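Please read the structure below before turning to the comments.
Given the structure is predicted, the values throughout are model-derived calculations rather than measurements. Note: hydrogens, waters and symmetry copies are ignored here, and every other heavy atom, side chains too, is used. Reminder, nothing fancy here: chain letters follow the sequence lines and each chain counts from 1.
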Number of protein chains: 4
Amino acid sequence: MALDAVGHTEDKTSGVAGDRLRALVDRIERLEEERKALAGDIKDIYGEAKSAGFDVKVLRQLIRIRKQEPAEVEEQETLLDVYRHALGM
Amino acid sequence: MALDAVGHTEDKTSGVAGDRLRALVDRIERLEEERKALAGDIKDIYGEAKSAGFDVKVLRQLIRIRKQEPAEVEEQETLLDVYRHALGM
Amino acid sequence: MALDAVGHTEDKTSGVAGDRLRALVDRIERLEEERKALAGDIKDIYGEAKSAGFDVKVLRQLIRIRKQEPAEVEEQETLLDVYRHALGM
Amino acid sequence: MALDAVGHTEDKTSGVAGDRLRALVDRIERLEEERKALAGDIKDIYGEAKSAGFDVKVLRQLIRIRKQEPAEVEEQETLLDVYRHALGM
DNA sequence: CAAGAATTATGAACCC
DNA sequence: GGGTTCATAATTCTTG
């Protein structure tokens, strides 16, 4: 618990730690708003892609693959093949 | 890599690890089928409710609330403290 | 509105529609409990698989693929290749 | 299939649709970078808060509550109440 | 069928 | 550093 920060003996109605807390909360909420806006922008682009005839699910997969290390991609694809063959697929 | 599991020296066309994999996959798929069946049953009940004149959306909301209400009990005391401390009380 | 069902002139403290509602809620909650239990069982199996040296993420992918129609699998894989090539990957 | 988008009659090695795809991917990846940067900033603030003696977990909880509290206001006066009363809740 | 909520899966962070 | 919980991302289901 944050007793050090807000729990005690400052002046009664929003001590210095309360102010500090408020400031932190404000900054976080501000940044989260920006984050949310960006998320909206990204969603819009996927919508655009869809309208242009791209398959959104595959597009997401593509983005995901590009984020990984090539070696890692290769490994997972190989492993999947191993499992598929083990099941005769 | 999961070479320990399927990658090597068993007999060629579905080694002991292949069998193990198959068994796991079978069990998972069996359980998922049951899960799907239950989902269907639940859906049927909502259909029944609708026929009886209940508002399905609100009914779902009710079920949701009842599910999360117990959890919120213990969340209370902590939150109360948070608010009290933030106000220097 | 579901006034026909619970809104009015039955006896005050849980009319016949109230009883009906209660029965529906009970049945739904019962089935959802079973569903949750199954989800737990499935999770356990994935844990087992992990202990046996299988890559859980790839295993999930395998299950997902088996759930799709083969034609659909083929199509998505093809499409991904098309996109990758289009980007020179 | 999204043949309209990249599958056919453009010039061979990255047709006009390939360019379109590339542009979409670039924009998405650009925005995701910004998103990631913001996530880092937020994380830093939580670190700051921790150094100042605040309980990070509770702080996150506070932020979460502040986010969802406005939404819950309008949830009030619906049929939900009717049903809850029907169950004696 | 498109938009949005809700569940489920993946990824990150924290504690031990 | 390994496992467990918590946060975010993605898919699925519902509803209009």
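Scanning all heavy atoms of the two residues, the minimum distance from D:Ala49 to D:Leu59 falls at CB-CD2, 3.6 Å.
When DNA chain E is scanned 5' to 3' for any atom under 4.0 Å from a heavy atom of chain B, the first and last hits are E:dA6 to E:dT8.
Scanning for side-chain contact (heavy atoms from CB on, under 4.5 Å) contacts around C:Lys57 gives A:Gln68, A:Gln76, C:Asp55, with sequence neighbours left out. Residues satisfying the side chain to side chain donor-acceptor pair (under 3.5 Å) test with A:Arg27, not counting sequence neighbours, are D:Glu48. By the side chain to side chain donor-acceptor pair (under 3.5 Å) test, B:Arg66 pairs with C:Glu29, sequence neighbours left out. Under the rule for a side chain to side chain donor-acceptor pair (under 3.5 Å), the partners of C:Glu77 that lie at least two apart in sequence or sit in another chain are A:Arg84. Qualifying side chain to side chain donor-acceptor pair (under 3.5 Å) partners for A:Glu34, counting only residues two or more places apart in sequence or in other chains: A:Arg30. Legend: residues meeting side-chain contact (heavy atoms from CB on, under 4.5 Å) with C:Lys36, ordered by chain and number and at least two apart, are absent.
Using a 4.0 Å heavy-atom criterion, one finds that A:Lys50 contacts the sugar-phosphate atoms exclusively.
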Throw together a table of side-chain donor-acceptor distances under 3.5 angstrom for residues 38-47 of chain C, partners on residues two or more places apart or in other chains.
none

statement: In 5'-to-3' order, the base (B), backbone-only (S) or no-contact (-) status of each nucleotide in nucleotides 8-16 of chain F, using a 4.0 angstrom heavy-atom cut-off, is SSSS--SSS
